[in-house]
> 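Before we start, here is the structure in question, set down as structure tokens.
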Amino acid sequence: GNHHSSPATVSVLGLGLMGRALAHALLRAGHRVTVWNRTPSKADALVADGALLAPSAGDALRSADLTILCLTDDEAVRSLLGQDGVDLRGTTLVNLTSGSSAQARETARWAERRGARYLDGAIMAVPPAIGTADAVILHSGPRTAFEEHSPTLAALGTATYLGEDPGLASLYDAAGLTMMWSVLNAWLHGTAMLRTAGVDAASFAPFAQQIAVGVAGWLPGYAEQVDGGSFPAEVSALETDARAMSHLLDESEALGVSTELPRLFKALADRAVAAGHGSEQYPVLIEEFGRPTP
Ligand code: FVH
């Protein structure tokens, strides 16, 4: 571990679009950076910027207090680190490769069996944001590993620790993506409906933004209902929403736009109403989301 005050020596394995951004941010923060990539030419600009190019992944690991992995997927991570000459004993790995929570837990076990400390991470940002506070990077795994290396991880963006289960960062990443795509798809559906009446996207956007921010404001109160398991209808009952969903479906059909989203909304609500939850508040639908789709 890096016990002296000077910036840590960090190695970065994987110099794709994201890996290069990570390595450049570490250099800018004054760290000694060793890099390795399967295709060495991708290291050229980093070497010109002061990084050290290791001849092998094993060499890169050996020299570092902390090794950051940013490959295509966890399969690539395990095949790379499983090669001869790669000794994981005593290293701390921070895996910023995207993957499922099951893959993160499996890679954590795989790495710990080989003597490494393993911190998983999920980057909620694109390469240009790396090194700024806008780049939220979620971490899960041993709290001691996060705390020991958080000064270094802070060079990449806003490092957020979620808990000891290594699968948490991937789960939050997936939940964040479902929020992002839901808002974008809903906005596109609304835009498509309004365009049939000649209203352009720019005209709808401020209204759409206002709705998105308003609904976001409900989440903490609704979360209390979900955690408490009780959904008293304070502002509206699910059966009122279900009726409005039928209207949205009729409207979408009449306008000749896609009906996939309204059908999805209606199917969920109708199932919950059929199960007797029509007089409860919208978050009662958590029960539909918490089981495999019939
Ligand atoms: N780019 C982004 O905006 C997203 C933001 C959110 C997080 N993702 C995840 O970051 C991982 C890397 O993504 P990337 O965009 O850097 O991907 P590429 O530019 O395609 O680089 C892939 C690197 O992986 C190396 N690689 C692939 N397979 C192997 C292997 N079997 N052995 C060794 N290295 C391997 C590849 O090497 P090379 O092709 O240059 O030789 C690249 O260095 C990813 O999980 C995103 O989901 C980025």
Side-chain angles (χ1 to χ4, degrees), residues 10-27 33-49 51-61 64 66-88 91 93-108 110-111 114 116 118-141 153 155-160 162 166-181 184:
V10 190
S11 65
V12 179
L13 306 187
L15 301 176
L17 291 167
M18 182 54 81
R20 289 198 294 276
L22 298 170
H24 275 299
L26 289 163
L27 283 171
V33 180
T34 301
V35 295
W36 176 89
N37 196 58
R38 181 178 56 182
T39 306
S41 60
K42 289 187 187 171
D44 291 352
L46 286 159
V47 170
D49 212 8
L52 199 63
L53 177 58
S56 74
D59 292 315
L61 265 161
L66 180 68
T67 292
I68 292 174
L69 303 161
C70 196
L71 306 183
T72 304
D73 55 31
D74 281 334
E75 180 63 37
V77 169
R78 288 197 298 273
S79 82
L80 174 67
L81 298 186
Q83 286 170 349
D84 296 342
V86 177
D87 179 0
L88 296 181
T91 62
L93 301 175
V94 178
N95 188 9
L96 300 183
T97 302
S98 298
S100 69
S101 55
Q103 285 167 336
R105 293 183 184 120
E106 182 190 344
T107 307
W110 183 93
R114 285 161 176 77
Y118 180 91
L119 200 59
D120 202 68
I123 302 173
M124 312 293 285
V126 290
I130 295 300
T132 74
D134 292 344
V136 171
I137 302 182
L138 306 174
H139 291 282
S140 53
L153 296 173
L156 303 175
T158 302
T160 309
L162 297 169
L168 278 178
S170 302
L171 275 182
Y172 267 80
D173 187 15
L177 289 172
T178 195
M179 291 291 294
M180 179 184 78
W181 287 322
L184 290 175

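Just so you know, ligand 1 is whichever comes first in the structure, and atom 1 is the first atom listed for that ligand. Just so it is clear, the values below take in all heavy atoms, side chains as well, and ignore hydrogens, waters and symmetry mates. Computed from a prediction, not measured in an experiment: that's the story for all the values here.
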> Can you pull out the closest protein heavy atom to atom 15 (O) of ligand 1? Residue, atom name and distance to 0.1 Å, please.
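Among all protein heavy atoms, the one nearest atom 15 (O) of ligand 1 is Leu17 CB, 3.8 Å.
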
> Taking 4.0 angstrom as the limit and counting only heavy atoms of Lys42, give me the atoms of ligand 1 inside it, by number and element.
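Reading through ligand 1 atom by atom, the close ones are 38 (P), 39 (O), 40 (O).
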
> Give the numbers and elements of all ligand 1 atoms closer than 4.0 Å to a heavy atom of Gly14.
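With Gly14 as reference, the close atoms of ligand 1 come out as 43 (O).
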
> With respect to atom 23 (C) of ligand 1, which of Cys70, Gly19, Ala125 exhibits the smallest heavy-atom separation?
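Shortest heavy-atom distance from atom 23 (C) of ligand 1: Cys70.
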
> Provide the number and element of each atom of ligand 1 under 4.0 Å from a heavy atom of Ala76.
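Heavy-atom distances to Ala76 below 4.0 Å select 28 (N), 29 (C), 30 (C), 31 (N).
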
> Got Ile137 and Leu153 here, is their nearest side-chain heavy-atom distance under 4.5 Å?
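Heavy-atom side-chain distance check fails, nothing below 4.5 Å.
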
> Give me the residue, atom name and distance of the protein heavy atom closest to atom 2 (C) of ligand 1.
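Sorting protein heavy atoms by distance from atom 2 (C) of ligand 1 puts Pro127 CD, 3.7 Å first.
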
> On a heavy-atom basis, I'd like to know which of Thr72, Ile123, Ile130, Leu69 is closest to atom 27 (C) of ligand 1.
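Answer by nearest heavy atom: Thr72.
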
> Is there a side-chain contact between Trp110 and Leu88 (heavy atoms, below 4.5 Å)?
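A side-chain contact exists here, since the closest heavy-atom pair is under 4.5 Å.
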
> Is the side chain of Ser140 donor-acceptor paired with the backbone N or O of Ala169 at a distance under 3.5 Å, no angle test?
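Side chain of Ser140 to backbone of Ala169: a pair is present.
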
> Could you check atom 21 (O) of ligand 1 against the protein and tell me its nearest heavy-atom contact, residue, atom and distance included?
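In this structure, atom 21 (O) of ligand 1 has Gly16 CA, 3.3 Å as its nearest protein heavy atom.
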
> So between Val77, Asn37, Val126, whose heavy atom ends up nearest atom 37 (O) of ligand 1?
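Comparing heavy atoms across Val77, Asn37, Val126, the nearest one to atom 37 (O) of ligand 1 lies in Asn37.
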
> Counting each atom of ligand 1 from 1 as listed, which ones have a heavy atom of Leu15 under 4.0 Å away?
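Within the 4.0 Å cut-off of Leu15, ligand 1 contributes 43 (O).
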
> Of the listed options (Met18, Arg38, Gln83, Arg20), which comes nearest to atom 28 (N) of ligand 1 when hydrogens are ignored and any heavy atom counts?
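It is Arg38 that holds the nearest heavy atom.
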
> Give the atom numbers and elements of ligand 1 that come within less than 4.0 Å of a heavy atom of Thr97.
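By the 4.0 Å cutoff, the relevant atoms are 45 (O).
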
> Which bit of Thr39 is near ligand 1, meaning a heavy atom under 4.0 Å away: side chain, backbone, both or neither?
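Both backbone and side chain.
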
> Answer yes or no: is there a donor N or O on one side and an acceptor on the other, between the side chain of Asn37 and the main chain of Leu15, under 3.5 Å?
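Flag set: sc Asn37 to bb Leu15 pair under 3.5 Å.
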
> Where is the tightest heavy-atom contact between Pro127 and Ala21, given as atom of each residue plus distance?
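Closest pair (atom of Pro127, atom of Ala21, distance): O-CB, 3.6 Å.
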
> Mark yes or no for whether Thr158, through its side chain, and Ala133, through its backbone, hold a donor-acceptor pair below 3.5 Å.
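Judged by distance alone, yes, a pair lies under 3.5 Å.
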
> Establish whether atom 31 (N) of ligand 1 and some protein heavy atom are separated by less than 4.0 angstrom.
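Yes, at least one protein heavy atom sits under 4.0 Å from atom 31 (N) of ligand 1.
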
> Ignoring hydrogens and geometry, is there a side-chain-to-backbone donor-acceptor pair from Thr160 to Leu138 under 3.5 Å?
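Side chain of Thr160 to backbone of Leu138, a donor-acceptor pair under 3.5 Å: no, none is there.
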
> Output yes when a protein non-hydrogen atom is found under 4.0 Å of atom 17 (O) of ligand 1, and no otherwise.
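No; the ligand atom in question lacks any protein heavy-atom contact below 4.0 Å.
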
> When you compare the side chain of Ser79 with that of Gln83, does any pair of heavy atoms fall below 4.5 Å?
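SC-SC contact between Gln83 and Ser79 ruled out.
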
> I'd like to check which ligand 1 atoms, numbered from 1 as shown, lie under 4.0 Å from a non-hydrogen atom of Ser98.
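Counting from 1, the qualifying ligand atoms are 7 (C), 8 (N), 9 (C), 45 (O), 46 (C), 47 (O).
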
> What residue and atom, counting heavy atoms only, is the protein's closest point to atom 11 (C) of ligand 1, and at what distance?
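Among all protein heavy atoms, the one nearest atom 11 (C) of ligand 1 is Leu71 O, 3.2 Å.
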
> Given side chains that start at C-beta, do those of Leu96 and His139 come closer than 4.5 Å, heavy atoms only?
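With C-beta onward as the side chain, the pair touches.
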
> Going by atom types alone, do Ser170 and Asp173 pair a side-chain donor with an acceptor below 3.5 Å?
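Their side chains do not contain a donor-acceptor pair, so the 3.5 Å distance test is not met.
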
> Does Ser41 form a side-chain hydrogen bond (donor to acceptor under 3.5 Å, both in side chains) with Asp44? I'd like the steps, not just the answer.
CA-CA 5 Å; Ser41 60; Asp44 291 352; 5.3 Å; no

